[in-house]
*Asks:* 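First the structure, which I've put down as structure tokens, then a few questions once you've had a look.
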Amino acid sequence: MRIDLQFKGRHVIVFGGTTGINFGIADAFARQGADVSVVSRRRENVDNAVAALTGHGHRVAGFCADVRDFEAVGQAMAEAVAKFGAVDVMVSGAAGNFFAQARHMSANGFKAVVDIDLLGTFHVMRQAYEHLRKPGASVINITAPQSTIPMRYQSHACAAKAGVDQLTRVLALEWGLDGIRINAISPGPIDGTEGVRRLMAQSDEELAQATSMVPLKRLGTLDDIANLTLFLASPYASYISGAVIPCDGGGALESVKPVLEATGRLAEAQARKV
Ligand code: HXC
Ligand code: NAP
């Protein structure tokens with residue numbers, strides 16, 4: 001059975017949409033016929049993403065902006081809207097991360113991650129508000145298991161992503177009055193991404209260990225997250241708002257913490273270099 005998710009000709013904008021999980025999301029919407037805008041810092045990433053997203057008979061545009069820069073986010077948003085019109089779906093997924101013990105972390109290191117993950121999410125949502133289709137727009141923030149599970153050497157990301165969860169809930173209350181739905185997705189370990197390659201498992205052994213800790217006994221794929229995003233943005237989810245939904249093979253139930261503990265050796269090694 002083929003279900004029409006009704007994204008043809010809709011404007012979808014993905015912040016941090018040029019690599020990894022967020023690129024997978026942009027690609028899924030492109031394949032559904034949406035007009036897709038992607039935004040990130042580096043011109044090379046933006047150009048590569050636009051080239052890769054082109055070719056499904058829909059329109060694609062890319063913009064450079066650092067989500068820490070409120071004005072630059074507004075500029076990118078305005079340019080995207082000038083091209084493709086009011087925003088039907090906005091995904092906010094830019095993030096930064098590294099392992100460091102809090103006692104060695106510089107104030108600027110903590111601030112860098114909070115600025116990207118939390119302030120960046122606020123900037124993106126705040127600048128989007130006037131451009132979101134009312135009623136009907138769907139906003140999806142990408143959070144992480146760190147938002148609810150304390151993890152060593154992740155004080156910045158744990159604090160920032162907890163803030164992203166609450167921002168999701170509070171703005172769902174406020175913007176629900178305009179008919180805007182706001183939800184968040186919390187991915188588990190997603191195969192081949194920066195989050196897994198650099199932060200969780202640098203060797204085959206660590207990858208196997210991390211995989212064995214997931215109840216479904218596999219890492220997630222880009223499609224796993226993209227499929228949930230498509231569903232949440234579609235009319236099939238029209239009564240879902242303010243939800244923070246794990247997409248993690250069951251990891252949030254019991255196993256994410258052991259996964260993170262298992263990779264503690266890596267974290268410890270990295271933290272010592274600081
Ligand atoms: C300690 C570090 C550090 C490290 C940077 N800093 N890396 N401190 N250990 N490994 C400190 C710097 O010394 C500096 O502080 C401050 O952080 C800012 O560093 P910059 O390099 O100037 O920052 P910037 O270029 O803005 O880069 C931001 C970044 C970087 C967060 C540091 O990693 C980044 O942009 N990453 C983007 C991609 C990414 O991380 N993706 C993965 C997302 S996965 P001082 O005091 O020296 O000025 C995810 C969830 C993963 O989020 C879940 C699975 C575990
Ligand atoms: P990734 O490939 O590093 O993607 C990050 C994206 O954000 C890139 O497009 C990057 O492009 C952009 N970006 C980074 N900092 C930015 C900034 N300051 N302003 C604008 N754009 C910025 O990461 P990923 O592993 O796929 O993770 C994507 C999302 O999923 C993140 O929110 C992360 O917290 C979450 N997550 C990932 C995992 C996982 O297994 N990977 C697990 C849980 C949660 P530029 O460098 O060009 O800016």
Side-chain angles (χ1 to χ4, degrees), residues 14-26 38-49 62-70 72-73 76 91-121 123-124 140-147 149 151-158 160-161 164 184-201 206 210 214 219-222 224-226 229 246-249 251-252 256-257 259-260 262-264 266-267 269-274:
V14 185
F15 280 81
T18 60
T19 65
I21 289 174
N22 306 317
F23 174 78
I25 291 170
V38 289
V39 187
S40 81
R41 292 169 301 181
R42 285 181 274 187
R43 168 57 58 193
E44 186 191 0
N45 284 348
V46 171
D47 289 347
N48 288 342
F63 305 93
C64 288
D66 190 318
V67 295
R68 289 170 284 191
D69 182 340
F70 186 66
V73 169
V91 178
S92 176
N97 203 335
F98 53 83
F99 281 115
Q101 296 186 48
R103 65 187 168 139
H104 297 313
M105 195 187 294
S106 72
N108 196 42
F110 189 89
K111 183 176 183 301
V113 171
V114 173
D115 278 356
I116 300 170
D117 291 25
L118 179 53
L119 287 185
T121 302
H123 289 165
V124 165
I140 295 164
N141 295 325
I142 306 301
T143 183
Q146 282 91 331
S147 73
I149 300 168
M151 176 185 170
R152 289 183 183 87
Y153 317 135
Q154 287 282 275
S155 55
H156 45 16
C158 288
K161 291 292 196 180
V164 170
I185 294 173
S186 182
I190 304 302
D191 201 12
T193 60
E194 179 80 357
V196 165
R197 262 197 328 260
R198 180 168 59 87
L199 295 168
M200 282 189 78
E206 283 171 346
V214 180
L219 298 178
T221 65
L222 296 183
D224 287 326
I225 305 302
T229 312
C247 186
D248 62 355
V256 168
K257 194 153 185 177
V259 167
L260 301 177
T263 56
L266 169 66
Q270 289 184 339
R272 267 202 299 272
K273 287 185 203 146
V274 175

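Note that the coordinates shown come from a computational prediction; the quantities given were computed from them, not determined experimentally. One-based numbering, in listed order, for ligands and for the atoms of each.
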*Asks:* Could you measure the distance from the OG1 atom of T193 to the CG atom of L222? Nearest 0.5 Å is fine.
*Replies:*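 Nearest 0.5 Å value for the OG1-CG distance: 7.5 Å.
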*Asks:* Which bit of R68 gets closer than 4.0 Å to ligand 1, counting heavy atoms only: side chain, backbone, both or neither?
*Replies:*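 Looking at R68 and ligand 1, just side chain atoms fall under 4.0 Å.
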*Asks:* Run the numbers for me: atoms of ligand 1, each under 4.0 Å from some heavy atom of S106, listed by number.
*Replies:*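 Numbered from 1, ligand 1 contributes 15 (O), 45 (P), 46 (O).
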*Asks:* Given F110, F98, Y153, identify the one with the heavy atom nearest to atom 2 (C) of ligand 1.
*Replies:*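 Checking each option, the heavy atom nearest atom 2 (C) of ligand 1 is found in F98.
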*Asks:* Taking atom CD of E194 and atom CG of L199, what is their separation to the nearest 0.5 Å?
*Replies:*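 Those atoms lie 7.0 Å apart.
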*Asks:* Show which atoms of ligand 1 fall inside a sub-4.0 Å distance from at least one heavy-atom site of G109.
*Replies:*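 Checking each atom against G109, I get 11 (C), 15 (O), 16 (C), 17 (O).
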*Asks:* If you compare all heavy atoms of H156 against all heavy atoms of M105, which two are closest, and at what distance to 0.1 Å?
*Replies:*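 That closest heavy-atom pairing would be CD2-CE, 3.6 Å.
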*Asks:* To the nearest 0.5 Å, how far apart are CG in N97 and CZ in R198?
*Replies:*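 Going from CG on N97 over to CZ on R198, the span is 6.5 Å.
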*Asks:* If we only count heavy atoms from C-beta on, is the P145 to D248 side-chain gap below 4.5 Å?
*Replies:*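 Answer no - side chains too far apart.
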*Asks:* Show the atoms of ligand 1 that are less than 4.0 angstrom away from any heavy atom in E194.
*Replies:*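 Reading through ligand 1 atom by atom, the close ones are 41 (N), 42 (C).
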*Asks:* Under a 4.0 Å heavy-atom limit, does Q101 contact ligand 1 with its side chain, its backbone, both, or neither?
*Replies:*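 Q101 to ligand 1: no contact under 4.0 Å from either part.
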*Asks:* Apply side-chain contact (heavy atoms from CB on, under 4.5 Å) to K111 and R68, showing your working.
*Replies:* CA-CA 11 Å; K111 183 176 183 301; R68 289 170 284 191; over 6 Å; no
*Asks:* Mind checking whether Q154 contacts ligand 1 via backbone (N, CA, C, O), side chain (CB onward), both or neither, at a 4.0 Å heavy-atom cut-off?
*Replies:*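 No part of Q154 is near ligand 1 at this cut-off.
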*Asks:* What pair of heavy atoms forms the shortest contact from A144 to S186, and how long is it?
*Replies:*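 Looks like C-OG, 3.2 Å.
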*Asks:* Is a donor on one side and an acceptor on the other found under 3.5 Å between the side chain of D47 and the backbone of E44?
*Replies:*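 Checked: no pair found.
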*Asks:* How long is the span from the CD1 atom in I225 to the CD1 atom in I185, to the nearest 0.5 Å?
*Replies:*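 Nearest 0.5 Å value for the CD1-CD1 distance: 6.5 Å.
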*Asks:* If you count only heavy atoms, which residues are under 4.0 Å from ligand 2?
*Replies:*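 For ligand 2, the contacting residues are G16, T18, T19, G20, I21, N22, S40, R41, R42, N45, A65, D66, V67, R68, G93, A94, A95, I116, I142, T143, A144, P145, K161, P187, G188, P189, I190, T193, E194, G195, V196.
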*Asks:* I need the minimum non-hydrogen distance between P189 and V214, along with the two atoms involved.
*Replies:*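 Heavy atoms of P189 and V214 come nearest at CG-CG2, 4.1 Å.
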*Asks:* Between ligand 1 and R41, can you find any atom pair, the residue atom being a heavy atom, that is separated by under 4.0 Å?
*Replies:*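 The answer is yes, since R41 has a heavy atom less than 4.0 Å from ligand 1.
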*Asks:* Counting only heavy atoms, which portion of K111 has something under 4.0 Å from ligand 1: side chain, backbone, both, or neither?
*Replies:*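 The answer is neither; K111 stays 4.0 Å or more away.
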*Asks:* Considering both backbone and side-chain atoms of K161, is one of its nitrogen or oxygen atoms within less than 3.5 Å of a nitrogen or oxygen in ligand 1?
*Replies:*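 No; every N/O pair is 3.5 Å or more apart.
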*Asks:* Judging by distance only, is a nitrogen or oxygen of D117 under 3.5 angstrom from one on ligand 1?
*Replies:*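 In this structure, D117 places no N or O atom under 3.5 Å from an N or O of ligand 1.
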*Asks:* N45 side chain to T18 main-chain N or O, any donor-acceptor pair under 3.5 Å?
*Replies:*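 Pair absent, no side-chain N/O of N45 close to backbone of T18.
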*Asks:* Distance under 4.0 Å to a non-hydrogen atom of G96: what atoms of ligand 1 satisfy this?
*Replies:*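 The atoms of ligand 1 under 4.0 Å from a heavy atom of G96 are 31 (C), 36 (N), 37 (C), 39 (C), 40 (O).
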*Asks:* What is the distance from atom CD1 of I142 to atom OG of S92, rounded to the nearest 0.5 Å?
*Replies:*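 One gets 8.0 Å once the value is rounded to the nearest 0.5 Å.
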*Asks:* Which atoms from ligand 1 have a heavy atom of M200 less than 4.0 Å away?
*Replies:*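 Numbered from 1, ligand 1 contributes 54 (C), 55 (C).
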*Asks:* Which of the atoms in ligand 1, numbered in the order shown and given with their element, are less than 4.0 Å from a heavy-atom of R198?
*Replies:*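 Close to R198: 39 (C), 40 (O), 41 (N), 42 (C).
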*Asks:* Is V113 close to F98 at the side-chain level, that is, under 4.5 Å between some pair of heavy atoms?
*Replies:*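 F98 reaches V113 side chain to side chain.
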*Asks:* Who's closest to atom 18 (C) of ligand 1 heavy-atom-wise, of A160, G195, P187, A112?
*Replies:*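 The residue whose heavy atom sits nearest atom 18 (C) of ligand 1 is A112.
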*Asks:* Kindly compute the distance separating NE2 (H123) from CG (D69), expressed to the nearest 0.5 Å.
*Replies:*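 With rounding to 0.5 Å, NE2 (H123) is 8.5 Å from CG (D69).
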*Asks:* Purely on distance, is any nitrogen or oxygen of N108 under 3.5 Å from one on ligand 1?
*Replies:*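 For ligand 1, there is an N or O atom that lies under 3.5 Å from one belonging to N108.
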